[in-house]
Amino acid sequence: MTLVDSARAFLDREGRLVERRLAAVLFDGADPAGAVAAAAAYRNADGGFGHGFEPDKRCPASLPIDVECALDVLVVAGAPAPGWVPQACDWLASVAAPDGAVPLAFPVIEGYPRADHWSDWTYAPGLNPTAGLAGRLHQLGVTHPWLDQATEWTFSRLEAGFAEDAHSLSEVLLFLAAAPDRVRADALAAQVGGWLAKLQFFRADPDDPGYGLTPLHFAPTPDSPWRPLFTDAAVDGHLDRLARDQQPDGGWPITWEPPSQASTVEWRGIETLRALRVLRAYGRL
């Protein structure tokens with residue numbers, strides 16, 4: 001059985017419906033509408049998304065991080081923005097700070113199972129997730145007053161300097177690649193190499209067994225604008241490591257502690273699909 005076959009078998013056994021529908025789009029040519037419908041199942045009446053779309057917290061209430069997960073499905077599937085996207089933007093506007101920034105989560109998560117790292121730091125508005133939400137919406141060609149405000153806030157925040165972790169940088173890179181104002185975006189993009197040198201949670205060494213984001217998170221395809229930040233040797237080393245990390249059951253592991261067995265399996269499905277996408281993009285399948 002090939003790497004792809006065993007990974008697809010893992011997703012068929014263990015993956016959420018949304019990852020299975022995305023895999024069908026990416027590998028079988030299925031209609032993206034199925035993946036979009038699977039994402040819509042996480043939608044709430046207020047226009048936001050919840051229900052543990054990001055599996056590290058099981059809270060049903062709408063959270064910005066879960067809106068981001070829904071937008072990711074559209075981007076990965078290559079689907080046009082459905083009618084719920086403007087309504088999700090309306091919801092983001094309703095929970096944003098006066099300057100437009102949003103947090104990852106709210107204290108409502110404390111009433112439900114959650115990973116230990118989902119604590120009060122996630123209640124502070126920041127680049128993670130505001131920049132990533134704005135970047136995904138720009139990728140989808142969305143226009144909305146909240147997006148205008150979030151875009152200006154992100155630019156202004158970055159122009160004042162960047163001193164955050166790898167997760168925030170991954171959100172920022174999505175924003176800088178998609179922001180319509182290329183003059184401001186390109187000026188900031190020129191500084192990214194310097195930001196990399198000081199990142200917490202950046203796993204530069206492919207043999208490092210610990211938790212962190214790798215060059216493949218920042219440059220998941222060889223035509224990514226961020227691919228030139230990394231040497232060929234670094235990228236090849238991480239691709240080798242990614243391929244080696246496939247487990248005997250066909251799925252990929254995770255390096256943190258989710259709040260439940262169900263969350264762990266869901267995350268493994270997410271990571272398995274990510275690994276397949278990256279390995280295929282770099283010609284490793």
Side-chain angles (χ1 to χ4, degrees), residues 22 36 39 48-49 53-54 63-82 84-86 88-93 95-97 99-105 122 125-162 164-193 195-196 199 201-202 213 215-221 223-229 270 274 277-278 281:
L22 280 172
V36 176
F49 285 74
F53 209 158
E54 195 277 3
L63 302 170
I65 183 59
D66 292 324
V67 173
E68 183 172 288
C69 291
L71 297 177
D72 256 342
V73 171
L74 304 181
V75 171
V76 171
W84 51 251
V85 170
C89 290
D90 290 343
W91 179 80
L92 289 167
V95 299
D99 57 14
V102 294
L104 288 161
T122 67
L127 290 168
N128 181 14
T130 307
L133 285 161
R136 289 167 174 86
L137 290 165
H138 285 306
Q139 280 185 271
L140 293 165
V142 173
T143 58
H144 190 275
W146 176 79
L147 178 56
D148 294 340
Q149 190 181 26
T151 296
E152 180 56 37
W153 179 87
T154 299
F155 271 131
S156 298
R157 176 73 171 264
L158 292 171
E159 287 162 352
F162 178 86
E164 299 191 26
D165 67 13
H167 297 285
S168 290
L169 184 61
S170 70
E171 299 283 279
V172 166
L173 297 188
L174 284 168
F175 173 82
L176 293 179
D181 187 337
R182 297 315 308 164
V183 173
R184 294 176 84 180
D186 291 345
L188 288 163
Q191 303 178 47
V192 170
W195 297 344
L196 272 174
L199 278 186
F201 302 132
F202 175 45
L213 303 190
L216 300 177
H217 288 87
F218 300 137
T221 65
D223 59 354
S224 164
W226 315 114
R227 171 61 184 83
L229 293 170
I270 294 168
R274 183 185 71 83
R277 291 169 55 212
V278 171

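Among all heavy-atom pairs drawn from Pro103 and Thr122, the shortest one is CB-O, 3.4 Å. A pairwise comparison of heavy atoms in Val85 and Ala81 identifies CG2-CB, 3.9 Å as the closest pair. Ala93 and Trp146 make their closest contact through CA-CD1, 3.7 Å (heavy atoms, listed as atom of the first residue, atom of the second, distance). Contact between Ala178 and His138 at its shortest, heavy atoms only, is O-CB, 3.5 Å. Residues Gly100 and Ala150 share a closest heavy-atom pair of O-CB, 4.3 Å. Among all heavy-atom pairs drawn from Leu133 and Pro64, the shortest one is CD2-O, 4.0 Å.
Using a 4.5 Å heavy-atom cutoff, the side chains of Leu169 and Phe202 are not in contact. Using a 4.5 Å heavy-atom cutoff, the side chains of His144 and Asp90 are in contact. A heavy-atom distance below 4.5 Å is not found between the side chains of Glu171 and Leu127. Contact of the Leu188 side chain with the Phe155 side chain is registered, since non-hydrogen atoms from C-beta on lie closer than 4.5 Å. Contact annotation: the side chain of Ser168 approaches that of Asp165 to within less than 4.5 Å [non-hydrogen atoms, C-beta and beyond]. Taking 4.5 Å as the limit, every side-chain heavy atom of Val172 sits out of range of all side-chain heavy atoms of Val192. Using a 4.5 Å heavy-atom threshold, the side chains of Pro129 and Val102 count as touching.
In this structure, the separation between CZ on Arg277 and CG on Leu216 is 12.0 Å, given to the nearest 0.5 Å. To the nearest 0.5 Å, atoms CG (Asp66) and CG (Leu71) are separated by 11.0 Å. The line from CG of Leu140 to CG of Leu147 is 10.0 Å long, rounded to the nearest 0.5 Å. Here the CZ-CG distance, from Phe162 to Leu199, works out to 6.0 Å after rounding to the nearest 0.5 Å. The OG atom of Ser170 sits 5.5 Å away from atom CG of Leu213, with the distance rounded to the nearest 0.5 Å. With rounding to the nearest 0.5 angstrom, the OG1 atom of Thr154 is 10.5 Å from the CD atom of Gln149.
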Report task. Show your working on side chain to side chain contact (heavy atoms under 4.5 Å, CB included) between Leu174 and Gln139 and close with a plain yes or no. Result -> CA-CA 9 Å; Leu174 284 168; Gln139 280 185 271; 3.9 Å; yes
Report task. Just do the side chain to side chain contact (heavy atoms under 4.5 Å, CB included) check on Phe175 and Thr151 with the steps written out, would you? Result -> CA-CA 8 Å; Phe175 173 82; Thr151 296; 3.8 Å; yes
Query raised in the report: Going through the checks in order, is the side chain to side chain contact (heavy atoms under 4.5 Å, CB included) test met by Trp226 and Thr221?
Result: CA-CA 9 Å; Trp226 315 114; Thr221 65; over 6 Å; no
Report task. Give the intermediate values and the outcome of side chain to side chain contact (heavy atoms under 4.5 Å, CB included) for residues Leu63 and Leu104. Result -> CA-CA 7 Å; Leu63 302 170; Leu104 288 161; over 6 Å; no
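Applying the side-chain hydrogen bond (donor to acceptor under 3.5 Å, both in side chains) criterion to Glu159, with sequence neighbours excluded, gives Arg184. With sequence neighbours left out, Trp195 forms a side-chain hydrogen bond (donor to acceptor under 3.5 Å, both in side chains) with no residue at all.
Applying the salt bridge (Lys or Arg N to Asp or Glu O under 4.0 Å) test to every pair with at least one member in residues 68-80, sequence neighbours left out, gives these pairs: Glu68-Arg136, Asp72-Arg136.
In summary, the aromatic rings of Trp84 and Phe49 are positioned with their centroids under 6.0 Å apart.
With hydrogens and angles disregarded, a donor-acceptor distance shorter than 3.5 Å links the side chain of Ser156 to the backbone of Glu152.
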